[in-house]
Amino acid sequence: MRADLHSHSTASDGTSPPAEVMRQARAAGLDVIALTDHDTVAGHREAAAALPPGLALLPGMELSCRWYGHSVHLLGYLFDPGHEELAAECARITASRRDRARAMVERLAALGVPVTWEQVAALAGDGVVGRPHIARAMAAVGAIDRPDEAFSPEWIGAGGRAHVARYALDPERAIGLIRDAGGVSVLAHPRAGARGWLMPDDLIAGLAAAGLSGVEVWHPDHDQAQRAHLQALAARLNLVASGGSDDHGELTGYRIGSDTIAPDAYERLISSATGGTPVSGP
Ligand SMILES: [Zn+2]
Ligand SMILES: [Zn+2]
């Protein structure tokens, strides 16, 4: 059984619609795919309706958190999307994402980059707006050659000249909310240094004590040494060693299925969830 527990669609900052992500997941030989868009479950309905035979959808979400001044991503699975407090927090985060995207566009304009909010909003469509949409707009106007160049101190990288912070959750509270909603949570890419903070082991232990169920070990931004270290840490903290491709379509080079979770770890992860069940294809 092959299960990829981390993917994005146009419901947030991926480039493929949810139905297309499902098709690509099956084409990549997956049996289970988790759709984990940023701070939204808006893609789940389309994804569930488009499941090819033999593929199951694990409903999920990647929640924006901040801890000790650093951005932290928390994956939640099988929670009740109707849970009031959790839904309200997602709405607050997505509204803040829109406000700060407008503010970053203004700062870029002041720096001489001719991107407009209309361009960014058109790229985001109905989805949750994120920095990758701004990065794509910057590449479209020729300010940079490739979207990933935007994530630097010069532009919209953390602390960058045009970077603006947004509302985010305390991860311990986020873990509690997901658990309250019947779900299970997994700490996303804690050692993806290229994109942010290398979270120290003792802080991961703190989240484990707060009710975290798993930690992403198998992630494209983790090298072999980091994977080995995190696998041992997960065992020591009794966390599930999880994994997924974090595919964003064209933006990440269509890598769905590039990283997966072991079948026994998958069963262990979802066994304690009560807020939902995986959706099976026809
Ligand atoms: Zn992430
Ligand atoms: Zn992600």
Side-chain angles (χ1 to χ4, degrees), residues 3-9 11-12 32-45 47-48 56-68 70-97 128 130 166-190 192 197 199 203-219 230 234 237-244 246 261 265-279:
D4 176 340
L5 298 198
H6 194 159
S7 74
H8 296 268
S9 73
S12 65
V32 177
I33 179 71
L35 185 63
T36 53
D37 277 303
H38 295 286
D39 311 305
T40 184
V41 297
H44 290 173
R45 188 192 299 258
L57 168 68
L58 183 70
M61 176 164 68
E62 186 169 18
L63 264 177
S64 302
C65 301
R66 187 173 297 111
W67 213 26
Y68 296 99
H70 298 278
S71 171
V72 171
H73 288 173
L74 187 75
L75 295 158
Y77 304 102
L78 298 176
F79 50 84
D80 169 12
H83 184 274
E84 244 172 69
E85 200 179 344
L86 182 58
E89 286 294 354
C90 289
R92 190 173 169 192
I93 296 169
T94 54
S96 170
R97 279 176 165 278
V128 172
R166 59 166 159 67
Y167 174 70
L169 282 165
D170 177 288
E172 290 176 315
R173 173 148 181 266
I175 288 166
L177 280 174
I178 290 168
R179 171 165 281 203
D180 247 26
V184 292
S185 53
V186 167
L187 178 63
H189 47 71
W197 185 37
M199 190 189 285
L203 292 187
I204 298 176
L207 295 183
L212 186 71
S213 297
V215 60
E216 255 186 343
V217 173
W218 326 109
H219 184 281
L230 286 168
L237 297 174
N238 199 28
L239 294 171
V240 171
S242 190
D246 205 356
I261 181 174
Y266 174 68
E267 293 303 331
R268 194 179 140 214
L269 177 67
I270 67 168
S271 65
S272 58
T274 56
T277 50
V279 186

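None of these values were measured; they are calculated from a predicted model. Counting from 1, the numbers follow the sequence of the chain as shown.
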**Value rounded to 0.5 Å, distance of CD in Glu216 from CG in Leu239** = 12.5 Å
**Asked** So, the side chain of Ser7 versus the backbone of Ala34: is there a donor-acceptor pair under 3.5 Å, distance only?
**Response** yes
**Note, Tyr77 side chain near Ile270 side chain (heavy atom, < 4.5 Å)** = no
**Message:** Looking at every non-hydrogen atom in both residues, tell me the closest pair between Gly76 and Ile178 and how far apart they are.
**Reply:** CA-CD1, 3.8 Å
**Prompt:** Taking side chain as C-beta onward, heavy atoms only, is His70 less than 4.5 Å from Met199?
**Reply:** no
**Request:** Would you mind reporting whether Ile93 and Leu63 have side-chain heavy atoms less than 4.5 Å apart?
**Result:** yes
**Separation of Tyr68 OH from Asp170 CG (nearest 0.5 Å)** = 9.0 Å
**Which atom of Leu74 lies closest to which atom of Ala174, heavy atoms considered** = CD2-CB, 3.7 Å
**Request:** Give a yes or no on whether the backbone of Thr40 and the side-chain of Asp37 come within a donor-acceptor separation of less than 3.5 Å.
**Result:** no
**Request:** Please report the closest heavy-atom contact between Leu187 and Leu212, naming both atoms and the distance.
**Result:** N-CD1, 3.6 Å
**Spacing of Glu84 atom CD and Asp180 atom CG [to the nearest 0.5 Å]** = 12.0 Å
**Asked** Which heavy-atom pair separates Glu172 from Gly206 by the least distance, and what is that distance?
**Response** OE2-O, 4.1 Å
**Message:** Can you classify the ring geometry of His73 versus His189 as parallel (below 30°), tilted (30 to 60°) or perpendicular (above 60°)?
**Reply:** perpendicular
**Prompt:** Quick one: does Val215's side chain get under 4.5 Å of Leu237's, heavy atoms only?
**Reply:** no
**Request:** Would you sort out whether Leu177 and Phe79 count as a side chain to side chain contact (heavy atoms under 4.5 Å, CB included), showing the intermediate values?
**Result:** CA-CA 9 Å; Leu177 280 174; Phe79 50 84; over 6 Å; no
**Request:** Work out which heavy atom in Cys65 is nearest to a heavy atom in Ala168; give both atom names and the distance.
**Result:** C-CB, 3.6 Å
**Prompt:** Going by heavy atoms in the side chains, are Val240 and Ile261 under 4.5 Å from each other?
**Reply:** yes
**Request:** Answer yes or no: does atom CZ of Arg166 have more than 12 heavy-atom neighbours from other residues, nucleotides or ligands under 6.0 Å?
**Result:** yes
**Asked** Got Leu78 and Leu58 here, is their nearest side-chain heavy-atom distance under 4.5 Å?
**Response** yes
**Item:** Value rounded to 0.5 Å, distance of OG1 in Thr36 from NE2 in His44
**Value:** 8.0 Å
**Prompt:** Just how far is it from atom CG of Asp246 to atom NE2 of His219, taken to the nearest 0.5 Å?
**Reply:** 3.5 Å
**Item:** Test item: Leu5 and Tyr266 side chains (from C-beta on) under 4.5 Å apart, heavy atoms
**Value:** yes
**Request:** Check Ala188 against His6 and note the closest heavy-atom contact, atom names and distance.
**Result:** CB-CE1, 4.3 Å
**Request:** Could you tell me whether the side chain of Tyr167 reaches within less than 4.5 Å of the side chain of Glu89, counting heavy atoms only?
**Result:** yes
**Message:** Donor-acceptor check, side chain of His38 to backbone of Thr94, threshold 3.5 angstrom: yes or no?
**Reply:** no
**Modelled atom types, side-chain donor and acceptor of Asp39 and Ser64, under 3.5 Å** = yes
